[in-house]
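Just so you know, these numbers use all the heavy atoms, side chains as well, and skip hydrogens, waters and symmetry mates.
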Amino acid sequence: MAKTFVILLAISGFLTDLAAADWNILNQKKKYGVDITLKNYCESWRMNVELNNIQGFDVVPQECVGYIGKYMTGTQYKVDSQGTIDECTVYLSTSCNLKKDGKDAWIFDIDDTLLSTVPYYKKHQYGGEKLNLTSLEEWMSSGKAPALDHSLRLFKDLRGRGVHIILVSSRREKLRSATIDNLVNAGYYGWTNLILRNPNDECKSVQKYKAEVRNQLTGSGYRIWGILGDQWSSILGYPSARRVFKLPNSLYYTG
């Protein structure tokens with residue numbers, strides 16, 4: 001009896017492995033009665049990342065690496081990003097009653113909000129490889145991340161309105177000097193504060209760390225009119241801002 005049970009388990013495992021090996025999105029074209037192409041599947045995956053329905057992924061699905069790479073380097077990414085910035089500008093112009101008392105503030109994330117890491121991820125399958133933090137930080141230390149032009153325009157607009165600009169990044173404190181040099185060389189200057197993670201923050205989730213920073217800022221009297229980030233962890237949590245805005249990014253997930 002025991003021997004028969006072992007054989008059945010082995011057969012079951014074999015069939016499961018075979019089914020997994022044979023599974024392919026291109027074989028799912030008639031799923032739920034809808035014609036599905038690889039492009040449909042990858043666009044759905046990307047959209048659900050942006051909606052925060054897909055969380056905690058380590059890598060972009062291998063079958064979608066090419067699609068994500070084309071999106072992040074193509075026109076649609078630029079149009080989507082500019083659309084976000086346009087909404088920030090409308091909000092600033094119509095709904096922000098700035099007090100101009102030194103307490104009006106706006107928070108920016110840095111990576112893929114102000115500076116682009118796409119050149120790094122281009123060499124690592126656009127998120128198709130599991131992140132190597134040492135490698136990424138070595139690249140950040142080089143200070144070669146280019147500015148995201150749409151965000152630079154908003155940055156300058158806020159600075160011109162007299163709003164205090166506070167940069168809150170999950171980068172580690174050891175990257176401060178390289179980060180400052182990179183920001184300035186890319187055209188960002190005149191911010192009020194640059195907050196990076198110290199060793200005590202590294203055991204916290206990014207969302208918890210950034211929420212605690214906002215708590216300190218509001219405790220100091222700042223009115224945070226807005227946050228611009230590319231990860232949900234940059235904008236979720238309490239306290240928040242009066243409005244939050246998210247830029248597209250499906251290369252990686254930071255929780």
Side-chain angles (χ1 to χ4, degrees), residues 24-26 28-29 31-32 34-93 106-131 136 139 144-158 169-170 182 186-188 226-236 243-255:
N24 188 299
I25 184 57
L26 297 179
Q28 312 298 309
K29 292 193 291 185
K31 190 173 184 181
Y32 306 126
V34 178
D35 289 331
I36 299 175
T37 66
L38 181 59
K39 182 179 179 181
N40 295 148
Y41 169 74
C42 293
E43 175 61 17
S44 176
W45 184 87
R46 187 189 72 79
M47 181 61 66
N48 277 283
V49 168
E50 298 300 347
L51 293 172
N52 206 28
N53 293 330
I54 295 176
Q55 302 179 359
F57 64 91
D58 291 326
V59 294
V60 171
Q62 199 62 41
E63 61 269 30
C64 294
V65 164
Y67 175 85
I68 296 300
K70 288 180 180 178
Y71 172 78
M72 293 298 296
T73 57
T75 300
Q76 192 61 54
Y77 169 74
K78 295 177 182 177
V79 171
D80 293 344
S81 297
Q82 186 56 54
T84 301
I85 301 305
D86 289 344
E87 291 303 315
C88 292
T89 303
V90 169
Y91 166 65
L92 277 168
S93 300
W106 190 284
I107 293 176
F108 284 94
D109 182 27
I110 293 179
D111 292 306
D112 297 297
T113 297
L114 297 182
L115 300 174
S116 175
T117 67
V118 171
Y120 172 82
Y121 282 95
K122 180 179 180 180
K123 298 180 180 179
H124 297 275
Q125 297 187 48
Y126 292 106
E129 292 181 11
K130 193 167 184 178
L131 176 65
L136 177 61
W139 182 82
K144 296 180 180 178
L148 289 166
D149 292 338
H150 46 267
S151 296
L152 182 56
R153 286 191 288 272
L154 176 63
F155 184 98
K156 291 179 177 179
D157 184 8
L158 285 161
S169 173
S170 59
N182 197 162
Y188 297 101
I227 301 172
L228 180 67
D230 66 290
Q231 297 288 315
W232 284 94
S233 55
S234 293
I235 59 182
L236 293 177
R243 279 288 305 273
V244 296
F245 300 88
K246 185 186 179 302
L247 289 166
N249 182 6
S250 44
L251 291 170
Y252 55 85
Y253 180 89
T254 302

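Within the 4.5 Å cutoff, no side-chain heavy atoms of Thr73 are placed close to those of Lys122. Side-chain contact between Leu136 and Leu131 is present, with at least one heavy-atom pair separated by less than 4.5 Å.
Atom OG1 of residue Thr117 and atom CD1 of residue Ile110 lie 12.5 Å apart, to the nearest 0.5 angstrom. Atom CD1 in Ile235 sits 5.0 Å away from atom CH2 in Trp232 (nearest 0.5 Å). Annotation: the span from Tyr121 atom OH to Glu129 atom CD amounts to 10.5 Å, rounded to 0.5 Å. Between Leu115 atom CG and Asn182 atom CG the span is 5.0 Å, to the nearest 0.5 Å.
For Tyr188 and Phe108, the distance between ring centers is not under 6.0 angstrom.
Checking each of Val59, Val60, Val65 against Gln125 for a side chain to side chain contact (heavy atoms under 4.5 Å, CB included) leaves exactly one that passes, namely Val65.
Taking Asp112 as the reference, nothing meets the salt bridge (Lys or Arg N to Asp or Glu O under 4.0 Å) condition, with sequence neighbours excluded. In this view, Asp157 and Arg161 satisfy the salt bridge (Lys or Arg N to Asp or Glu O under 4.0 Å) rule, not counting sequence neighbours.
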Dump the intermediate steps for ring-ring contact (aromatic ring centres under 6.0 Å, His included) on Trp45 and Phe57, then the final yes or no.
CA-CA 11 Å; Trp45 184 87; Phe57 64 91; 5.0 Å; yes
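Using modelled atom types, one finds no donor on one side chain facing an acceptor on the other under 3.5 Å when comparing Asp86 with Thr89. Using modelled atom types and a 3.5 Å distance limit, the side chains of Asp80 and Tyr71 yield a donor-acceptor pair.
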